[in-house]
Amino acid sequence: MHMPLLTAHNLHKTYRLKRTSVPVLRGVDLDIQPAECVTILGKSGSGKSTLLHLLAGLDAPDKSPKARITFDDKPLSSMRTGALDRYRNRSVGMVFQFYHLLPELNVLENAMLPAMMGANRLTLIRRLPELRERAADLLDRFGLSHRLRHRSNELSGGERQRVAIARALVNQPRLLLADEPTGNLDAVTGNAILDTLMELRREQQLTMVIVTHDAAMSARADRTLRITDGVIQAA
Ligand code: ADP
Ligand code: MG
């Protein structure tokens with residue numbers, strides 16, 4: 001048995017509004033093995049996006065001595081700012097439910113962006129051709145080579161979704177966290193995207209946690225989990 005790549009234990013998350021508090025996660029536990037493909041199902045509002053944001057290190061669980069997220073056996077809570085930034089930017093690729101592309105940049109620039117963060121100018125100038133090639137290659141694999149110079153606000157929802165996936169993969173992360181990545185795609189395109197992700201898993205041991213409503217996608221995963229009442233169970 002491998003050491004899990006990602007673990008979460010005892011995660012609670014409550015959103016506190018002015019008068020009320022909304023408990024969303026109530027003790028989530030999960031272990032993800034290297035190169036595993038796991039899908040997460042759950043009703044709208046069940047906390048799927050919340051959980052992915054915690055796993056990506058973009059938000060923190062409720063404070064508790066028992067709450068713990070580890071990547072490669074290292075607790076995120078023990079990482080200093082720089083290490084946590086590297087975790088978010090290099091180790092994890094995040095596909096947001098609502099894409100979060102930058103409208104004023106074109107498709108290629110959007111996909112290159114995570115690779116440009118944190119690099120100093122000289123390194124960047126030297127590496128630019130290689131980065132451009134890597135981003136263009138990924139966009140090509142997701143069927144977007146004819147759209148490289150289009151601004152992202154000129155794209156359809158399904159095209160934006162694919163740019164967001166390419167962007168999440170540009171730093172060759174070990175872990176892809178994808179929030180309903182095929183929600184705006186027809187079945188054929190959705191299936192082709194999963195084919196490409198499975199190829200990347202073979203090529204670079206990509207580990208995937210995918211939130212989805214898509215039964216066909218779930219059927220191809222190694223394992224399917226379900227969030228109900230704030231906890232995770234095997235589906
Ligand atoms: P899902 O992705 O499964 O649809 P979410 O994780 O987006 O669910 O949201 C879970 C619940 O938490 C919902 O009831 C939502 O309204 C609430 N919620 C999400 N984000 C916030 C926030 N920033 N502040 C307050 N409530 C939130
Ligand atoms: Mg969501």
Side-chain angles (χ1 to χ4, degrees), residues 6-32 36-64 67-69 71 76-77 84 87-88 92-102 114 152 155-169 173 175-187 189-190 193-194 197 207-221 223-235:
L6 178 74
T7 74
H9 288 289
N10 259 297
L11 298 189
H12 289 253
K13 182 73 182 175
T14 303
Y15 291 109
R16 288 174 210 291
L17 307 173
K18 266 187 204 128
R19 297 230 174 113
T20 53
S21 58
V22 185
V24 178
L25 304 180
R26 305 163 181 247
V28 164
D29 290 301
L30 98 142
D31 281 347
I32 309 287
E36 216 184 358
C37 174
V38 174
T39 49
I40 299 182
L41 307 173
K43 280 195 286 204
S44 177
S46 59
K48 305 179 299 296
S49 296
T50 300
L51 175 60
L52 283 195
H53 293 161
L54 298 185
L55 298 177
L58 297 171
D59 196 358
D62 295 347
K63 278 209 165 48
S64 146
R68 197 175 159 88
I69 299 172
F71 182 81
L76 299 197
S77 59
L84 192 57
Y87 172 72
R88 293 176 180 130
V92 176
M94 178 80 192
V95 182
F96 292 95
Q97 185 168 8
F98 303 107
Y99 332 126
H100 297 324
L101 302 177
L102 296 182
S152 63
L155 304 179
S156 72
E159 287 170 332
R160 287 177 204 202
Q161 211 144 34
R162 286 179 281 157
V163 178
I165 297 171
R167 178 182 61 182
L169 292 166
L175 174 64
L176 181 74
L177 299 174
D179 201 348
E180 308 200 23
T182 59
N184 271 307
L185 299 169
D186 57 89
T189 314
I193 285 181
L194 198 59
L197 291 175
T207 305
M208 292 177 261
V209 179
I210 304 175
V211 166
T212 184
H213 288 298
D214 182 349
M217 184 166 244
S218 238
R220 292 180 62 186
R223 204 148 56 93
T224 298
L225 305 173
R226 183 182 295 278
I227 303 193
T228 324
D229 299 328
V231 298
I232 284 235
Q233 290 157 335

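Both ligands and their constituent atoms are indexed starting at 1 by order of listing. Positions are given from 1 along the sequence.
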Distance-only donor-acceptor pairs under 3.5 Å for side chains of residues 213-220, two or more places apart:
unit_1: H213; atom_1: NE2; unit_2: E180; atom_2: OE2; d: 3.4
unit_1: D214; atom_1: OD1; unit_2: A216; atom_2: N; d: 3.0
unit_1: D214; atom_1: OD1; unit_2: M217; atom_2: N; d: 3.4
unit_1: S218; atom_1: OG; unit_2: T39; atom_2: OG1; d: 2.9
unit_1: S218; atom_1: OG; unit_2: T224; atom_2: OG1; d: 3.4
unit_1: R220; atom_1: NH1; unit_2: N191; atom_2: OD1; d: 2.6
unit_1: R220; atom_1: NH1; unit_2: D195; atom_2: OD1; d: 3.0
unit_1: R220; atom_1: NH2; unit_2: D195; atom_2: OD1; d: 2.7

Total protein N/O/S atoms sitting under 2.8 Å from the Mg ion (ligand 2), waters ignored, is 2

Rounded to the nearest 0.5 Å, the CG atom of L175 sits from the CG atom of L177 at a distance of 4.0 Å

Please determine whether the number of non-hydrogen atoms from other residues, nucleotides or ligands lying under 6.0 Å from atom CG of D31 exceeds 12.
yes

Separation between NE2 (H12) and CG (L54), nearest 0.5 Å, reads 11.5 Å

Ignoring hydrogens and geometry, is there a side-chain-to-backbone donor-acceptor pair from K48 to K43 under 3.5 Å?
yes

Item checked: Sidechain-backbone polar pair: R226 side chain, Q233 backbone, donor-acceptor under 3.5 Å -> no

- Task: Begin with the C-alpha distance, continue with both residues' side-chain angles, and end with the deciding distance and a verdict on side-chain contact (heavy atoms from CB on, under 4.5 Å) for L185 and R162.
- Result: CA-CA 9 Å; L185 299 169; R162 286 179 281 157; 4.1 Å; yes

Starting from the N and O atoms of ligand 1, collect every protein N/O partner closer than 3.5 Å and put each pair on its own line with the distance to 0.1 Å.
unit_1: ligand 1; atom_1: 2 (O); unit_2: S49; atom_2: N; d: 2.9
unit_1: ligand 1; atom_1: 2 (O); unit_2: S49; atom_2: OG; d: 2.9
unit_1: ligand 1; atom_1: 3 (O); unit_2: S46; atom_2: N; d: 3.2
unit_1: ligand 1; atom_1: 3 (O); unit_2: G47; atom_2: N; d: 3.0
unit_1: ligand 1; atom_1: 3 (O); unit_2: K48; atom_2: N; d: 2.9
unit_1: ligand 1; atom_1: 3 (O); unit_2: K48; atom_2: NZ; d: 2.8
unit_1: ligand 1; atom_1: 4 (O); unit_2: G45; atom_2: N; d: 2.7
unit_1: ligand 1; atom_1: 6 (O); unit_2: T50; atom_2: N; d: 2.9
unit_1: ligand 1; atom_1: 6 (O); unit_2: T50; atom_2: OG1; d: 2.5
unit_1: ligand 1; atom_1: 8 (O); unit_2: G47; atom_2: N; d: 3.3

Hits for side-chain contact (heavy atoms from CB on, under 4.5 Å) against S49, two or more places apart or cross-chain, chain-then-number order -> H53, Q97, D179

Please check if any side-chain donor atom of Y99 sits under 3.5 Å from a side-chain acceptor atom of S152, or the reverse. no

